[in-house]
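Just below is one structure, and these are the notes that go with it.
When a ligand or atom number is given, it counts from 1 through the structure's own listing order.
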Amino acid sequence: MLLCADYVLPITSDPIESGAVLVRNGKIKDVGPADQLRARYADEEVRDFGQAALMPGFVNVHSHVEYSAMRGVVHDVPYAQWLPLVTEKSSALTAADLYDSALIGGLEAVASGITTLGDITGSDSTVRALNALGMRGVVYREVGAMDRRRVEYAMEAAESDIDKWKSAVDPDLITVGIAPAPLYRCHPLIFKLVSAYAGDSIPVAMHLAGSQEEYDFIKEGSSSLSVEIMHRREYMEIPPWLPTGVTPVNYVLNWGAFEAKQVMAIHCVHVSDADIQKMREYDVAVGFCPRCNAHLGMGVAPLDEFRKAGLRIGMGTDSPAATDSGDMFPEMRIGLMVQRAVGGGRHFLAAHTMLEMATIGGARALRIDDKVGSLEVGKLADITAVDMSGSHQTPTDTPMSALVNTGSASDVLMTMVNGSILYEQNKWHTDVELAKSIAHVMMIRRKLRK
Ligand SMILES: [Zn+2]
């Protein structure tokens with residue numbers, strides 16, 4: 001199939017005006033000017049999207065799609081208040097609820113041009129949902145236990161789930177990884193055991209240095225958030241937590257968290273220059289989640305320092321329970337605006353940098369950039385077409401800037417994974433019974449609001 005559009009944005013090379021992409025057997029076989037490709041492949045079926053941009057599908061490195069039913073349930077409170085409220089509400093979700101919630105999140109992702117999700121979850125709902133939809137994903141099984149006596153059991157349960165999930169999915173599409181729980185919910189031994197388990201082959205992701213409360217808990221020994229969690233979770237039987245005197249990054253580093261080969265740290269808002277240098281030394285990728293950081297008042301991640309240090313950086317929408325949507329367009333836009341606002345003229349970020357971070361950057365962070373993240377010959381055909389004919393994008397001479405500054409999920413015309421069209425013209429191509437899942441999610445929301 002020959003995909004044509006007014007703009008082809010390979011991301012790793014310059015935009016092509018009136019361009020085309022040849023897709024055969026799930027792979028990108030050619031990229032170039034449309035007139036040349038039309039002549040070269042005269043018998044090929046042509047799909048011309050007209051005044052639109054063809055680009056690699058978004059790689060959303062950090063989400064929790066199983067909480068898609070929870071959007072808007074807890075609004076307008078800062079992180080330290082939001083987290084216990086969301087944790088309490090989410091305890092009412094059954095396995096069936098989580099599955100339909102994850103499905104809705106997956107459908108939303110596909111319809112907004114996302115082809116790969118990096119997702120942290122405690123249940124099998126996400127792998128099942130992505131598998132049913134035909135999406136690409138790196139799904140990390142979360143493992144946490146604050147009580148030392150529960151650590152081995154928690155690891156065994158996680159390892160057993162990972163084996164089960166691996167055997168149930170298409171390994172070409174879904175990779176299963178492991179995620180130590182947030183620092184205030186995780187005995188430090190877990191970091192060491194996770195690294196030993198993951199080694200060179202299993203990807204690891206962790207929330208790290210996101211909130212001031214986490215920073216205070218680790219370094220100073222206490223914070224409102226940690227006290228709240230300890231009480232709610234009845235962890236009072238464990239020995240008192242003592243100040244470590246180090247930053248969260250240094251703390252997990254000391255416990256061996258960066259020893260595995262593929263580690264991604266999410267948020268990284270409260271990090272020092274020395275922390276960033278350590279992350280560089282261990283080649284730890286960053287999951288940059290500007291919208292969640294802003295929504296919950298967590299702070300501003302030092303993106304410029306990450307970039308100067310040469311870290312691999314991907315972008316993530318984080319939980320729909322926090323940001324209300326798993327949409328990369330506002331993620332790029334808010335990330336750009338916040339960084340420009342704090343960076344001033346000296347560190348003025350270009351719009352195309354956000355688009356790179358949302359595609360090839362994410363693929364590098366997840367270490368799947370040999371397969372996806374750009375429109376290059378030989379890569380898998382994970383592609384999206386975005387309409388550029390709306391008045392908010394016309395006229396434009398700089399399609400990459402237009403997409404970041406004014407693009408929206410409703411502009412997405414088509415999303416393809418591995419050469420298969422999953423979404424097109426407001427329709428999902430799936431065997432999933434959509435109406436049933438949507439009705440169930442509405443019921444879940446009524447339950448959560450009680
Ligand atoms: Zn998260």
Practice task
For the pair Arg185 and Thr87, evaluate side-chain hydrogen bond (donor to acceptor under 3.5 Å, both in side chains) and give the outcome as yes or no after the intermediate values.
Solution key: CA-CA 12 Å; Arg185 286 181 177 169; Thr87 306; 2.9 Å; yes
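Considering the Zn ion (ligand 1) as centre, the angle to NE2 of His64 and to NE2 of His62 is 100° (10° rounding). Rounding to 10 degrees gives 170° for the angle at the Zn ion (ligand 1) between OD1 of Asp318 and NE2 of His207.
Of the listed residues (Lys27, Lys371, Arg136), just one forms a salt bridge (Lys or Arg N to Asp or Glu O under 4.0 Å) with Asp382, and that residue is Arg136.
Between His187 and Trp255, the ring planes are perpendicular. Angles over 60° get that label, and only those under 30° would be called parallel. Between His270 and Tyr215, the ring planes are tilted. Angles from 30° to 60° get that label.
The Zn ion (ligand 1) has no N, O or S atom of Cys292 inside 2.8 Å of it. Not a single N/O/S atom of Cys289, whether from backbone or side chain, sits less than 2.8 Å from the Zn ion (ligand 1).
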